Amino acid sequence: MDIPRRWYNIAADLPEPLPPLVDPPERDGRISLLASILPSRLIEDEYRLDRWVLIPHEVLEAYRKLGRPTPLARARGMEKQLGVDGRVRIYYKYEGVLPTGSHKLNTAIAQAYYASLDGASEVVTETGAGQWGLAVATAASLFSLKTTVFMTASSYERKAARRTLMAALGARVVPSPSRETRSGLEAIRAAGEGHPGSLGLAIAEAVEYTLADEHRRYLPGSVLEAVLMHQTVIGLEAEEQLAEEGVEPDVLVACVGGGSNFGGFTYPFLGARLRGEAYRKLRFVAAESSAAPKLTRGEYRYDGLDSSLMLPMAKMYTLGKDYVPPATHSAGLRYHGAAASLSLLKRMGYIEAVALPEDEVLAAARRFARSEGIIPAPESAHAVLAAELEARRLASRGGGVVVFNLSGHGLLDYEAMM
Amino acid sequence: MDIPRRWYNIAADLPEPLPPLVDPPERDGRISLLASILPSRLIEDEYRLDRWVLIPHEVLEAYRKLGRPTPLARARGMEKQLGVDGRVRIYYKYEGVLPTGSHKLNTAIAQAYYASLDGASEVVTETGAGQWGLAVATAASLFSLKTTVFMTASSYERKAARRTLMAALGARVVPSPSRETRSGLEAIRAAGEGHPGSLGLAIAEAVEYTLADEHRRYLPGSVLEAVLMHQTVIGLEAEEQLAEEGVEPDVLVACVGGGSNFGGFTYPFLGARLRGEAYRKLRFVAAESSAAPKLTRGEYRYDGLDSSLMLPMAKMYTLGKDYVPPATHSAGLRYHGAAASLSLLKRMGYIEAVALPEDEVLAAARRFARSEGIIPAPESAHAVLAAELEARRLASRGGGVVVFNLSGHGLLDYEAMM
Amino acid sequence: MALSRPGYSSYLTIAWPSPSEFQSLLHKLAPCTDFFELGLPARNPLYDGPTIRSTHREALRKVGSRGEALRLASRAASEAGARFIVMTYLWEHGGPRGLRSLVEDVAASGADALLLPDLLFEYPGLLVEYVDAAKNNGLQPAFFASSKFPHHILRLLAGMKPLLIYLGLQPATGASLPVAVKSNVALARELIEDSYLLAGFAIRSPETAIAVIEAGADAVVVGSELARLYKAGGAEAAAGLACAIKKALVARRG
Amino acid sequence: MALSRPGYSSYLTIAWPSPSEFQSLLHKLAPCTDFFELGLPARNPLYDGPTIRSTHREALRKVGSRGEALRLASRAASEAGARFIVMTYLWEHGGPRGLRSLVEDVAASGADALLLPDLLFEYPGLLVEYVDAAKNNGLQPAFFASSKFPHHILRLLAGMKPLLIYLGLQPATGASLPVAVKSNVALARELIEDSYLLAGFAIRSPETAIAVIEAGADAVVVGSELARLYKAGGAEAAAGLACAIKKALVARRG
Ligand SMILES: Cc1ncc(COP(=O)(O)O)c(C=O)c1O
Ligand SMILES: Cc1ncc(COP(=O)(O)O)c(C=O)c1O
């Protein structure tokens, strides 16, 4: 099997048009800000009419060298452990083989390449636990770009591993709030030196820092349609791999933070379904954290992509941009909203969602580690648990095939496993 | 490209016969002990006349699901960073895509499967920093075996990540010295509770613990010829991948702890060279740590595989079984000897060796991370530095192709990068 | 009545900067404008950029009601002898329940069409009712599509014989035209076959306009840049750009 | 003179447990043994297992010199009318410089061959000299190969017309014969063509012996198990196993 040559843009096949990004009524200029801080080719990807978008050669090369195609594996150990073997077949697509250990690299590579096309010298982003920051630092180094990552101060202290790794990659990791931006200074002035930081504040700092120099570009890690599109390499590979196995899935499962691994994994299948070409009975299950249950408990409306309204608003399922989720190990699923296309498809009933509590998720992670030999990222473990539930359900109805996306490994999240 | 179906046994092609394992004159019965604690199929692999050994179906399946074939990548960033681009092409084979992050899993899977063939219920091993222990815990869980890992007490305290991950996989991780074995109790009695442990002691405990129950098997992580043979999947894949690229290498480089990733990577090429079939001018460079410079400074003689002479002796380059290397981050390269076949080939001039100091190695690791986007394990970084040196040398002589094995990622060794 | 190909359209917010200035600006632009797109002042012009948004805010202070605004548009256009379509967000008019009366009012103003940018995004189920209402009132339907739009819906819209399909290219604000914009226009052209394709957003020079036309659009519309120029250099400056674009298009058709 | 096919060989350490017991044990085994492999007592019998090693330690205490041991072997064998080869480590005889005198002494003892297990592993460069010395002294060469052995060297050895090539199967100590042992024997057979293939180590029952012969060996040798049986049940017990194996082999040839 080879790497797909094209990304899939589901907007072309949606049953209804995708509501566009808009400026907040009370805060103009967010869209044009976006257009001026993002790599311009990313903006193009975000506003693409084409169903298929050619993956640039340089990105393909990087995909190949970093481990794409990623494996699709039969989860025989999991089947046995669940007692569904013989009736239900479970497969998983494994993105943890990528060097930063998660799917985040798929879009980071494209975005860093795009920044280099703009003649940028530096990329900038924010990070919580560090998955995205590490992916950006990695991708940036591949295209010889400097990296500055605003890392929430509390994570900066507690997540020494990813911070050190980013630094080893040459990234400058700045605890946020910092004294490098007006937003940072204001926060420090208001709350004192001990400010733990927040993702909203880190975004504001990253954007402000990006704006201060025209050779900087800001890279977003999820939620944008372009990001979901970049991730469709996952699903496109999976589709071909399942075909090679001669397998027709009954349910696809992935976890949802902003929606990029879910969209990346399911959209190629969902698109074929929407076009009426295949997968008539295929179900799509989104596994979210009960700490941030936007798809199951959120409202469908326009809301800010970030709490500080630095970025535009999207029409999506949201818990409100100021929602503060309870502490969990799954930092990547704490986002308050879900990508516009995913929200639309959920709204229309094409996608089902389930919110899962962390203790059960981590128990599933342990079961999976023992039965399959891979320690899942806490985020990805939501997909594991949801897949277990689906497998059990199928088993009680005569059998079937569950395929889920294992978006990353948990080697650096070992505290979650304690 | 598909996974190789067979392992390659270089003993069949060596220019001179491989000196066999022997019992220490002063300590009988080590070979028969080995035969009774190892999985019997592993013993068969260790005493194999065949040049090619079929990989069991179950092992192949596990290889596939866990990410084999692993990628072979062109290191364009590294070429550019070294200033040799245009003259020297550098490639690396990347074993870090495997779920525990290193090549160790290639043999752990085979060995755990072999243990299951014996009807064993539990596998046992020792570990220092935890790479091998984690690989065993992972492989064992795939074959539904219990795992007990004796981890040197000092690492047990300091390496919480790998310890926790092993536990998450269901392994019982016991700090050594423990109170579970006679050897452990004696060590505690002699040195008190604060005993930091040693690999020799951990081996002694693991062997003793294995012997206490016939359903236990002991799994060795390197040095044995069978282990090197299992690792030849690396080189066999690389050979095919290079052929697909239309590339003929000039130098192959890998790091050496006990020799398993070096042998696994180079032997398929070296074998073809020994048989006179190809690679007439190919050079083979072993990168060792100057903290344990057996190939460059050791003696070629029979010596114990472990300091406590629990296991037999092998004829090898050795610094003496009681050699205590200075502290380094490259725990996997601190071994006092090198596999028998590797030592023989070094002795005969087929393999060159270079000992590298840790500070330069870690600097190379950082350069590689920045230019290639992968954070190498400190062990693997020795191969990176040696490859840099070879690339520079080739560049000054008109150019060529360097291929090295990147045996693992350094995500869990971030302290080394600080 | 069909629109000219290639065509050039000027967007203005009705009553901006004031009713009289609006009227004279329209007058000034009319000779170089094939048809106007006139926006009803809105509280929340959702899909518009900052420049247009501010025109809405200012215009809102100048006209009291929809009726008043439409009468102003109607008067200005007929005095200038210009064709026009009206653009407004359905949301501003009470959503679905406001549709029919809105269509009637717009039809009464002499507009060729009513363009509701939020129709398909926020009220996709209202498509048939909108087309029906438009036709019943002597309007041709006009549709707003984004550059991230389902292909089957573009085809469906084309099948409804609209006056035009407006393709929003936002937010391509770079100086040179990004490749994706060209490919979006070309693909839209393919999907809607010979329907009239009006492309807008982010056009501010004759070169860009030509590029968009060459990619497959029938017409381009300029809005923000006209407002900016007007603020900077008055009606002359705005008309300068409009006429330069119109000239370039005519020259190209040659 | 060629060895019989299939053949059975008993290994004994010369002078173990004592010169006289050795002599009578050999006598007892002779009727069922096609040829003996007699080991010169060694200080460090490198490749041998614990049982044989202890026989060496004990025997060393009973004989003073190589000459004495060889005379004992010679006498015992001729009295029993048995053929024998002598096994010893070259290392024990001063290595390379001791080779010629060792060969002469062994030839003088009436042995058919001198087997030096460490020759090819520790002194691979001495191969030609060994073959030369052996032939000059009326001995046929005999070689020891392990089950992890270069194929080209096995072929080379076969080309030297040896009396036998001994294939060490160690340390296959399981009850049933592992698959690898069978495939090793079969492959060795293929590589050495019709050279005489003697297989040893870890054989302790007629069944294993038959299996090894069926896999392609010409003969099997038993050592450790004979020593164990002798210690446990005397010469009768040892002969019991030897004769059972011999009988099984003959029956099979039937
Ligand atoms: C391993 C992993 N999986 C999933 C997610 C969730 O993000 P998304 O929904 O964009 O895939 C994250 C985010 O950090 C992650 O790190
Ligand atoms: C990543 C990595 N590379 C290399 C080694 C060295 O071992 P070997 O020489 O057996 O490949 C180790 C051992 O732990 C390791 O973890």
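Lettering follows sequence order; numbering is per chain, from 1. This structure is a prediction, so every number in the text was calculated from the model and none was measured.
Interface remark: of the candidates B:K315, B:R275, B:R30, B:K315 forms the most heavy-atom pairs closer than 4.5 Å to chain D.
How far CG of D:L46 is from CE of B:M313: 6.5 Å, rounded to the nearest 0.5 Å. Atom CG of D:L120 is separated from atom CG of B:L18 by 13.0 Å, given to the nearest 0.5 angstrom. Taken to the nearest 0.5 Å, the CD1 atom of D:I52 stands 11.5 Å off from the CG atom of B:D28.
The closest donor-acceptor contact from the side chain of B:E16 to the backbone of D:P124 lies at 3.5 Å or more, if one exists at all.
In this structure, the side chains of D:N184 and B:D50 come closer than 4.5 Å at one or more pairs of heavy atoms. Taking the side chain as every heavy atom from C-beta outward, D:P50 and B:D23 approach each other to under 4.5 Å.
Contact detail for B:P25 and D:N44: the closest heavy-atom pair is CG-ND2, 3.9 Å. Taking all atoms of both residues into account, the shortest heavy-atom contact from D:R53 to B:P24 is NH2-O, 3.4 Å. Heavy atoms only, all atoms of each residue included: D:H152 and B:L14 are closest at NE2-O, 2.6 Å. The minimum heavy-atom distance linking D:E122 with B:P19 is given by the pair OE2-CB, 4.3 Å.
No option in D:E190, D:H151, D:K148 other than D:H151 meets the side chain to side chain contact (heavy atoms under 4.5 Å, CB included) test with B:L49.
The number of heavy atoms from other shown groups lying within 6.0 Å of NZ (D:K161) does not exceed 12.
Looking at B:D45, only its backbone comes within 4.5 Å of chain D, counting heavy atoms on both sides. In this structure, the portions of B:R51 lying under 4.5 Å from any heavy atom of chain D include both its backbone and its side chain.
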